[in-house]
Amino acid sequence: MIIVSEIGDKTFLIAAIMAMKHSRLVVFAAAFSSLMIMSVLSAMLGHVVPNLIPKQYTDICASLLFLCFGVRMLYEAYHMDDNDNEEMLEVEHELKDVEDRNNASKLEEMEVGGMEASDQPISNKSKPEKAKDGLMNLMQLVFSPVFVQTFVLTFLGEWGDRSQISTIALAAANNVYYVTIGVVLGHGMCTALAVLGGRMLASKISVRTVTFAGAILFLIFGVFYGFNVYNNIQ
């Protein structure tokens with residue numbers, strides 16, 4: 001499920017594009033560690049839910065979530081063009097904006113000696129952009145800029161994504177340890193594919209076909225959990 005939902009996704013393309021410009025090992029370490037932390041946090045959250053809500057209701061929620069995701073992905077795939085690369089263009093634009101901001105910041109620090117620039121407020125940035133820049137600056141004290149940029153962009157790109165919500169739903173209805181291992185392995189395989197040849201893979205494989213496959217898989221999960229709920233009621 002993770003593989004079909006992540007190939008061609010935003011986090012996949014971030015790792016692919018960053019690996020074209022920087023060390024593949026650094027990009028893989030940053031992207032995979034970000035996704036692993038997100039997966040563990042999501043699984044832990046899903047593990048807590050059954051303690052607050054009866055399992056029967058968590059199964060119902062999981063079934064509805066998977067069915068909704070499946071229907072939505074079918075709709076997206078149906079209206080998607082075979083040569084649609086909007087996601088890749090969006091990621092490239094976001095990465096270019098980050099690099100431009102970093103370059104502008106470095107030039108500004110060189111011009112004013114790094115003193116006046118830190119005292120002047122940056123009014124043209126939104127609050128999320130300021131938070132992202134602040135997190136990057138904090139982590140750059142320990143890690144390399146490439147690692148930090150890949151880690152932060154991947155973490156924020158995965159937040160609220162289908163795979164994260166699906167991980168929560170799976171962990172709420174199944175063994176949290178098995179779910180965590182499966183999700184981490186899935187993210188590891190996708191990240192490795194992205195770093196080794198993700199750009200070429202994303203251009204060769206039809207995103208529409210992958211989306212259709214993911215939709216069918218989500219619908220199967222939805223029917224499975226719905227069947228479990230029906231059996232428990234009987």
Side-chain angles (χ1 to χ4, degrees), residues 1-46 87-106 108-109 114 118 122 125-168 171 179-202:
M1 183 191 71
I2 294 296
I3 293 176
V4 296
S5 63
E6 285 296 314
I7 290 181
D9 197 23
K10 187 174 184 178
T11 53
F12 181 90
L13 295 175
I14 288 173
I17 295 173
M18 290 295 290
M20 293 176 61
K21 303 177 181 179
H22 307 286
S23 169
R24 290 180 177 179
L25 183 60
V26 173
V27 172
F28 175 82
F32 179 63
S33 59
S34 177
L35 292 171
M36 183 173 62
I37 292 174
M38 178 67 74
S39 300
V40 172
L41 292 175
S42 301
M44 289 175 61
L45 179 60
E87 190 84 15
M88 183 177 293
L89 294 176
E90 180 184 345
V91 172
E92 289 179 339
H93 180 70
E94 182 175 349
L95 291 175
K96 187 177 184 301
D97 287 343
V98 172
E99 290 179 357
D100 289 343
R101 287 201 301 268
N102 291 339
N103 293 334
S105 178
K106 290 178 181 178
E108 193 172 301
E109 289 180 0
S118 60
I122 303 174
K125 289 185 179 181
S126 63
K127 289 184 178 180
E129 289 178 339
K130 290 180 180 179
K132 184 189 296 185
D133 290 344
L135 182 59
M136 285 185 177
N137 292 333
L138 178 63
M139 293 182 66
Q140 281 176 359
L141 296 174
V142 181
F143 302 102
S144 69
V146 175
F147 184 97
V148 173
Q149 183 177 341
T150 307
F151 183 96
V152 173
L153 290 176
T154 302
F155 192 88
L156 296 179
E158 184 68 13
W159 188 267
D161 194 45
R162 278 190 295 256
S163 58
Q164 185 202 16
I165 300 175
S166 301
T167 301
I168 297 174
V179 171
T180 303
I181 293 172
V183 171
V184 170
L185 288 176
H187 278 305
M189 293 175 63
C190 285
T191 306
L193 282 174
V195 169
L196 293 176
R199 181 66 177 267
M200 182 184 67
L201 188 65

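Between the CG atom in Leu35 and the OG1 atom in Thr191 there is a gap of 5.0 Å [rounded to 0.5 Å]. Atom CD1 of Ile14 is separated from atom CD of Gln149 by 9.5 Å, given to the nearest 0.5 angstrom. Rounding to the nearest 0.5 angstrom, the gap separating the CE atom in Met38 from the CH2 atom in Trp159 is 5.5 Å. Distance check: Leu185 CG to Met36 CE gives 11.5 Å after rounding to the nearest 0.5 Å. Between atom OG1 of residue Thr154 and atom CZ of residue Phe12 there is a gap of 12.0 Å, rounded to the nearest 0.5 Å. Here the CG-OG1 distance, from Leu156 to Thr11, works out to 11.5 Å after rounding to the nearest 0.5 Å.
Scanning both residues, Ala15 and Ala194, for their nearest heavy atoms gives CB-CB, 3.9 Å. Contact record, Phe151 with Ser34: O-OG, 3.2 Å, taken as the closest heavy-atom pair. Nearest heavy-atom pair, Arg24 versus Ala19, reported as atom, atom and distance to 0.1 Å: CG-O, 4.0 Å. Closest approach of Ala43 and Thr180 over heavy atoms only: CB-OG1, 3.1 Å. In plain terms, the two heavy atoms of Thr167 and Val179 that are nearest each other are O-CG1, 4.1 Å.
At a threshold of 4.5 Å between non-hydrogen side-chain atoms, the residues Val184 and Phe32 count as touching. Put simply, the side chain of Val40 reaches to within 4.5 Å of the side chain of Met44, judged on heavy atoms.
Not a single donor-acceptor pair under 3.5 Å links the side chain of Thr150 to the backbone N or O of Phe147.
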